[in-house]
Protein chains: 2
Amino acid sequence: MYTLAKACSHHNHGHCISDAINSARQLCDERGVRLTSLREQVLELVWQSHKPLGAYTLMDMLAEASTRRVAPPTVYRALDFLLEEGLIHRINSLNAFIGCPSPTQKHQSHFLICQNCSVAVELESQALNQSIIDAAADSGFSVTSHSIEINGLCPSCQASANKESK
Amino acid sequence: MYTLAKACSHHNHGHCISDAINSARQLCDERGVRLTSLREQVLELVWQSHKPLGAYTLMDMLAEASTRRVAPPTVYRALDFLLEEGLIHRINSLNAFIGCPSPTQKHQSHFLICQNCSVAVELESQALNQSIIDAAADSGFSVTSHSIEINGLCPSCQASANKESK
DNA sequence: AGAATTAAGGTTATAGTGTAACATAATGTC
DNA sequence: GACATTATGTTACACTATAACCTTAATTCT
């Protein structure tokens with residue numbers, strides 16, 4: 001039973017999924033790479049929520065959806081492809097994967113991760129990017145990639161926490 | 001044979017190790033926690049180089065040093081203690097651990113990781129810290145911790161790369 | 001279209017990372 | 001010294017990921 005709770009109860013999550021699938025199709029088409037049905041299925045599963053999902057969770061979801069048994073390499077290969085094309089990100093601190101909402105724009109992996117509800121949202125800040133470049137440059141380091149994982153409480157979990165404490 | 005190459009050939013790495021051990025002893029003493037010989041040994045092994053080391057590598061190093069066999073929980077418990085006390089950091093993207101050069105100052109885990117020589121150095125930038133806080137605040141997110149892992153080339157590997165290409 | 005080539009996926013086995021649970025030993029407290 | 005607490009030893013296992021090899025599907029070439 002992998003009907004995960006919606007990440008944000010106030011939004012129609014179906015749109016997130018269909019948007020992600022549509023732009024993935026278009027993007028793969030433009031790049032001449034193949035978004036096979038397996039890859040698309042994995043992408044769709046990743047997008048079932050805004051919570052990062054582990055490879056083995058995805059594997060179980062795949063198996064549940066398809067009667068046949070699914071082995072780790074099947075899901076890892078699909079994940080590798082999706083990572084390669086920037087359609088998903090990997091959250092290192094969680095060994096988990098999450099859909100990328102803006103795969104057309106090349107960017108680094110920067111996330112706000114709620115320690116209460118597990119939702120992870122991408123963070124984009126030009127100032128932050130610049131700070132990284134500057135700080136690295138101060139050390140004479142030439143940057144090829146970077147990842148930021150920020151843990152804390154999302155706005156709605158902060159609100160819940162406040163209510164609790166009264 | 002775990003005599004790893006020195007991280008920086010131009011410095012006397014013995015100082016790094018002895019400084020780390022000395023300040024760890026003092027710090028644990030002040031806090032009333034016990035830097036047992038096992039924990040100190042693991043800390044010293046972590047400090048054998050400026051390259052992050054995996055738990056199983058450390059386990060093998062421990063075993064080599066002590067005739068008796070060493071099981072995973074032994075090293076993980078020591079690592080947990082050292083992490084707890086801020087004496088080491090964990091590099092999530094590498095599943096590896098590295099000594100903290102400034103354990104007395106509470107700080108987040110920010111690293112520059114050379115993809116050529118594997119050396120990881122801590123990055124401290126007030127501007128960067130502020131950028132994170134600001135960016136999170138823009139999203140209404142309350143931050144409890146964060147980690148930054150920047151991959152690229154350290155100055156000396158950049159120099160080598162330039163020489164190579166001539 | 002058919003053969004050759006390449007790419008994707010299936011299958012088995014195993015490597016690498018981390019923890020649970022319980023037993024023993026060491027340390028600290030009264 | 002008896003007791004409680006903390007640390008370590010030990011066994012077993014869970015979770016994450018990849019290697020290697022085989023089969024199937026898609027693409028390319030003539």
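Throughout, a chain's letter reflects where its sequence line sits, starting with A, and its residues are numbered from 1.
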Name all pairs fulfilling the side-chain hydrogen bond (donor to acceptor under 3.5 Å, both in side chains) condition that reach into residues 151-160 of chain A, sequence neighbours left out, sorted by first residue then second. A:N151-B:S145
Heavy-atom donor-acceptor pair, B:S139 side chain to B:F141 backbone, under 3.5 Å: no
Take A:A78 and B:F97, find for each the nucleotide of DNA chain C with the closest heavy atom, and name the residue whose nucleotide sits nearer the 5' end. A:A78
Between P on D:dT16 and CG on A:D60, what's the gap in Å once rounded to a whole number? 10 Å
Separation of A:R69 atom CZ from C:dT12 atom C1', in whole Å? 8 Å
With a cutoff of under 4.5 Å between side-chain heavy atoms, which Ile, Leu, Val, Met, Phe, Trp and Tyr residues group with B:I113? B:I91, B:L94, B:I98, B:F111
At a heavy-atom distance below 4.0 Å, what parts of residues 32-43 of chain B sit against DNA chain C? B:R34
Atom CG of B:L62 and atom C1' of D:dT8 are separated, to the nearest Å, by 12 Å
If a pair satisfies salt bridge (Lys or Arg N to Asp or Glu O under 4.0 Å) and one of its residues is in residues 116-143 of chain A, list it, with sequence neighbours excluded. none
Measure the distance from CG on A:L94 to P on C:dT17 and round it to the nearest whole Å. 18 Å
CG of B:N92 versus C1' of D:dT16: gap in Å, rounded? 14 Å
note: A:N95, atom CG; C:dT17, atom C1'; distance rounded to Å ~ 9 Å
Rounded to whole Å, the CG-C1' distance (A:L53 to D:dC15) equals 15 Å
Would you kindly compare B:F81 and A:G54 by the position of their nearest DNA chain D nucleotide and give the one closer to the 5′ end? B:F81
Counting only side-chain N and O atoms of A:T74, is one of them less than 4.0 Å from OP1 or OP2 of C:dG9? no
Whole-Å distance separating the CG atom of B:L79 from the C1' atom of D:dT8: 14 Å
Whichever hydrophobic residues join A:L153 through chains of side-chain contacts under 4.5 Å: none
Which pairs with one or both residues in residues 72-88 of chain B pass salt bridge (Lys or Arg N to Asp or Glu O under 4.0 Å), sequence neighbours excluded? B:R31-B:E85
Can you check each nucleotide of nucleotides 19-24 of chain C against protein heavy atoms at under 4.0 Å and return B for base, S for sugar-phosphate only, - for none, in 5' to 3' order? BBB---
Donor-acceptor pair, side chain of B:H146 and main chain of B:N129, under 3.5 angstrom: no
Quick one: list whatever passes side chain to side chain contact (heavy atoms under 4.5 Å, CB included) with A:T36, sequence neighbours left out. A:R34, A:L38, A:R39
Which pairs of donor and acceptor atoms, one on a side chain in residues 65-73 of chain A, lie under 3.5 Å apart (sequence neighbours left out)?
from	atom 1	to	atom 2	distance (Å)
A:S66	OG	A:L62	O	3.1
A:S66	OG	A:R68	NH1	3.2

